[in-house]
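Treat the numbers as computed from the prediction; the structure is a model and nothing was measured. Just so you know, residue 1 is the first one in the sequence shown, and it goes up from there. Indexing begins at 1, ligand by ligand and atom by atom, following the structure's order.
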Amino acid sequence: MSEPLVLGIESSCDETSIGIVRGTQLLANEVASSVELHARFGGVVPEVASRAHLEAIVPTLQRALSKAEISPTELDAIAVTAGPGLMGSLVVGIAAAKALALAWNKPLYGLNHLVGHVGVDMLEHGALAQPSLGLLVSGGHTSLLRVGDIAGDIEELGSTIDDAAGEAYDKVARLLGLGYPGGPVIDKMASEGNPSAIRFPRGLTSQRDMERHRFDFSFSGLKTAVARWVEQREMEGKDIPVADVCASFQEAVADVLTAKTVDAAEHFGVTEVILGGGVAANSRLRGLLEERCQAGNLTLRRPRPGLCTDNGAMIAVLGVAVITAGHQPSGLSFGADSGLPVTQVVVKCQ
Ligand code: KG4
Ligand code: ZN
C-alpha cells in the first residue's frame with residue numbers, strides 16, 4: 001500500500017484546525033484560532049471556544065481540502081483529537097469527524113492530542129527513533145515520556161505535580177499585565193531582559209525533592225515567587241523591570257525543563273530527545289535544550305515553532321503512524337475524554 005493519506009481534525013482548546021498528510025508529507029494545515037475572543041477574559045472561555053469551533057470547522061475543512069488539492073474520496077482515513085481538552089470543544093471536532101467518516105465511508109481514529117504534539121516532528125524529520133525521550137510542554141501538561149513507539153508504547157516517567165509550564169507562562173503574563181496567551185509575549189519581552197537579574201526558584205531540584213520527584217516538575221512555587229517579587233517592588237514604590245522579570249522567569253522554566261530532560265535521557269539510556277507542545281515554541285527552551293543535548297551527546301529533534309502549537313497536521317501524521325502500525329479504527333461510537341491519559345494513543349470503541 002502507498003503511504004496513507006489522512007485528514008486530521010483538532011479542536012481540543014481554542015484552535016480549530018484541519019491538517020492533511022500523506023505519509024510524513026504535509027499537504028495542508030489550516031488553523032482558525034479564537035484566541036482573540038478570549039484575550040479580554042485572560043484565558044480560554046470554554047463556552048466561547050465551543051461556539052467558535054462550530055462556526056470555523058466547515059470553512060477550515062474547505063480551505064484544507066482545496067489547499068491539499070485532494071478529493072475526499074482519495075483519503076484513507078480520518079483522525080480526530082478525542083482528548084484531552086475542553087469537553088465542549090472536543091465534541092465539535094469529534095461530531096464533525098464522525099459525520100465525515102460516515103458520509104465519505106472512511107475509517108475513523110480517535111487520537112490523543114498530547115501524543116500528537118510529541119509526534120509532529122515526523123512531518124519534518126521522518127520517523128522517530130525507538131525509543132525516544134519526549135519532553136511534552138503544553139498549556140495543560142508537562143511530562144517526560146519514554147516513547148517506545150509513538151503509535152502505542154508510551155510511558156510517563158514524570159509530570160508536573162501542580163501547574164503546567166504553559167500555565168505558568170499564562171499566569172505570570174497575567175500578573176504582569178501582559179495579556180493572554182502569555183507564552184509568546186513573555187518570550188518576546190525576555191529577549192530584551194537579563195535572565196540573571198533575579199534568581200527565581202527551580203522547582204523540585206533540591207536534593208530532597210530529587211529523591212522522590214527526580215523526573216517531576218513543579219511551577220506553582222515559581223509563579224508565586226514572581227508574584228511576591230513584584231508585590232515587594234510595588235510596596236517599595238519602585239518600577240517593575242518587566243523585561244528582566246520575564247527573562248529571569250523564563251530562565252528558571254527552561255533551566256529545570258532542560259536539566260531534567262537530559263538527566264532522564266541519561267538515566268534511561270535514551271539518546272534521542274523529542275520536544276513537543278505549545279511551549280516547545282519558546283526560544284530559550286529550544287536554545288538551552290539544544291546546548292545541553294549537545295553537551296550530553298544526545299540528538300535533539302524540535303518541530304518548527306509553527307507546528308508546536310495546536311494543529312490538525314499533528315493529528316493526521318499520528319493517524320498515519322497508527323494506521324501503519326496496524327491499529328484498528330476507533331469506530332463511530334467513542335466519546336470525548338477530557339482527561340485522556342498520555343499513555344493511551346488511540347481510543348477504543350465503547
Ligand atoms: O499545546 P498548546 O498549543 O495548547 C495546549 O494543548 O495546551 O499550548 C499552549 C501553551 C500556552 O500556555 C502558551 O502560553 C504556550 O503554549 N506558548 C508558549 C509559547 N508559545 C505558546 N510558551 C512559551 N513560549 C512561547 N513562545
Ligand atoms: Zn496542545
- Query: Between Tyr169 and Phe249, what is the ring plane arrangement, given parallel below 30°, perpendicular above 60°, and tilted in between?
  - Reply: perpendicular
- Query: Which of these, His53, Glu55, Glu30, sits in a side chain to side chain donor-acceptor pair (under 3.5 Å) with Thr16?
  - Reply: His53
- Nearest non-hydrogen contact to atom 22 (N) of ligand 1 from the set Pro181, Gly183, Gly166 belongs to Gly183
- Message: Measuring from non-hydrogen atoms of Glu15 to any atom of ligand 1, is the shortest distance under 4.0 Å?
- Response: no
- Query: Is the shortest N/O to N/O distance between Tyr169 and ligand 1 below 3.5 Å?
  - Reply: no
- From His113, does some N, O or S atom reach closer than 2.8 Å to the Zn ion (ligand 2)? yes
- Message: Below 3.5 Å, N or O to N or O, backbone or side chain included: is there any such pair between Asp310 and ligand 1?
- Response: yes
- Message: Is it the case that the ring center of Phe200 lies less than 6.0 angstrom away from the ring center of Phe219?
- Response: no
- Message: Pair Tyr180, Phe41 - check ring pair (Phe, Tyr, Trp, His ring centres under 6.0 Å), show working.
- Response: CA-CA 8 Å; Tyr180 174 85; Phe41 300 106; over 10 Å; no
- Message: Considering both backbone and side-chain atoms of Gly139, is one of its nitrogen or oxygen atoms within less than 3.5 Å of a nitrogen or oxygen in ligand 1?
- Response: yes
- Item | Mode of Asn282 contact toward ligand 1 - side chain, backbone, both, neither (heavy atoms, under 4.0 Å) | both
- Examine ligand 1 and decide if any of its atoms is less than 4.0 Å from a heavy atom belonging to Cys13. no
